[in-house]
Amino acid sequence: MWQERLGQLVTTCHWIGAKGWAPATGGNMSVRQDAQWCWLSESGRDKGSLTGEDFLQVDIATNQAPSGRKPSAETGLHTLVYRLFPEANVVLHVHTVNATVLSRIEKSATLNISGYEMQKTLTGQQSHLDTVPIAIFDNDQDIDALAKRIEQYAQHNPLNYGFLLRGHGLTCWGKDVNEARRQLEGLEFLFECEMQRRLYQRD
Ligand SMILES: CSC[C@@H](O)[C@@H](O)C(=O)COP(=O)(O)O
Ligand SMILES: [Zn+2]
């Protein structure tokens with residue numbers, strides 16, 4: 001099951017690379033194996049040309065990789081998502097221009113998305129009239145501290161689909177590769193729309 005998921009993830013990484021969403025080794029991706037283990041991209045790789053060999057088994061509770069190789073610098077954010085959301089089986093982190101810039105333009109702690117038909121690409125969303133809040137966390141090189149902040153936020157606020165790291169990128173997830181990929185593409189489309197709207201709409 002998870003082996004098949006990993007194969008689909010590798011294909012999705014190539015798609016992400018072709019989109020230009022993981023430039024210069026930015027971004028990281030993972031799939032869940034089971035309640036204890038996940039498989040994470042190795043740190044420093046070009047994420048657009050990964051193979052199955054470039055994924056390392058990581059303990060979700062401890063962030064340890066038995067292989068001794070170095071998993072992603074942002075391992076702690078992937079394992080946090082797997083701990084917070086038992087239904088999440090895939091995590092995608094990308095450095096798109098829209099996510100990077102919009103998360104800086106929006107000064108508050110939440111990007112509220114409303115008025116777009118494409119909101120319905122996000123599981124459970126049924127109308128452009130609803131508001132989809134996407135949390136924005138200030139970036140931090142201390143991933144443990146960042147993960148702790150996100151965990152505390154999630155205790156009191158809904159955290160659906162993904163979150164933005166200010167000036168850094170988007171981390172999103174899904175129950176399978178198809179859902180994670182659809183929501184990544186949907187969110188990225190919505191970010192692009194929101195960037196354009198803020199650029200052109202003066203009222
Ligand atoms: C290429 S600089 C960006 C990194 O610091 C990080 O944000 C990132 O997304 C990739 O780190 P990695 O350790 O390869 O998973
Ligand atoms: Zn990153």
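One-based numbering, in listed order, for ligands and for the atoms of each. All of these numbers come straight from a predicted model, not from anything done at the bench.
- Side-chain atoms of R166 come within 3.5 Å of backbone N or O of E106 as a donor-acceptor pair.
- Residue-level check: among N/O/S atoms of H93, NE2 sits closest to the Zn ion (ligand 2).
- For R198 and E194, the salt-bridge test passes: some basic side-chain N is under 4.0 Å from an acidic carboxylate O.
- At a 4.0 Å heavy-atom cut-off, the residues surrounding ligand 1 are A24, T25, G26, G27, N28, S43, G44, K47, S72, A73, E74, H93, H95, H168, listed by chain and number.
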Which donor-acceptor pairs under 3.5 Å do side chains of residues 167-176 form with protein atoms, sequence neighbours excluded?
residue : atom : partner : partner atom : Å
H168    : ND1  : N139    : OD1          : 2.8
H168    : NE2  : E74     : OE2          : 3.2
H168    : NE2  : H93     : NE2          : 3.1
H168    : NE2  : H95     : NE2          : 3.2
T171    : OG1  : H93     : ND1          : 3.0
D176    : OD1  : N178    : N            : 3.3
D176    : OD1  : E179    : N            : 2.8

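- In this structure, M1 stands alone, with no Ile, Leu, Val, Met, Phe, Trp or Tyr side-chain heavy atom under 4.5 Å from its own, directly or through other members.
- Residues passing the side chain to side chain donor-acceptor pair (under 3.5 Å) test with R104: none are found, sequence neighbours excluded.
- Classification of E151 and K148 as a salt-bridged pair fails, no side-chain N sitting under 4.0 Å from a carboxylate O.
- Atom NE2 is the N/O/S atom of H168 found closest to the Zn ion (ligand 2).
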(request) Please step through side-chain contact (heavy atoms from CB on, under 4.5 Å) for the pair Y116 and H128, ending with a clear verdict. (result) CA-CA 5 Å; Y116 298 108; H128 64 289; 5.6 Å; no

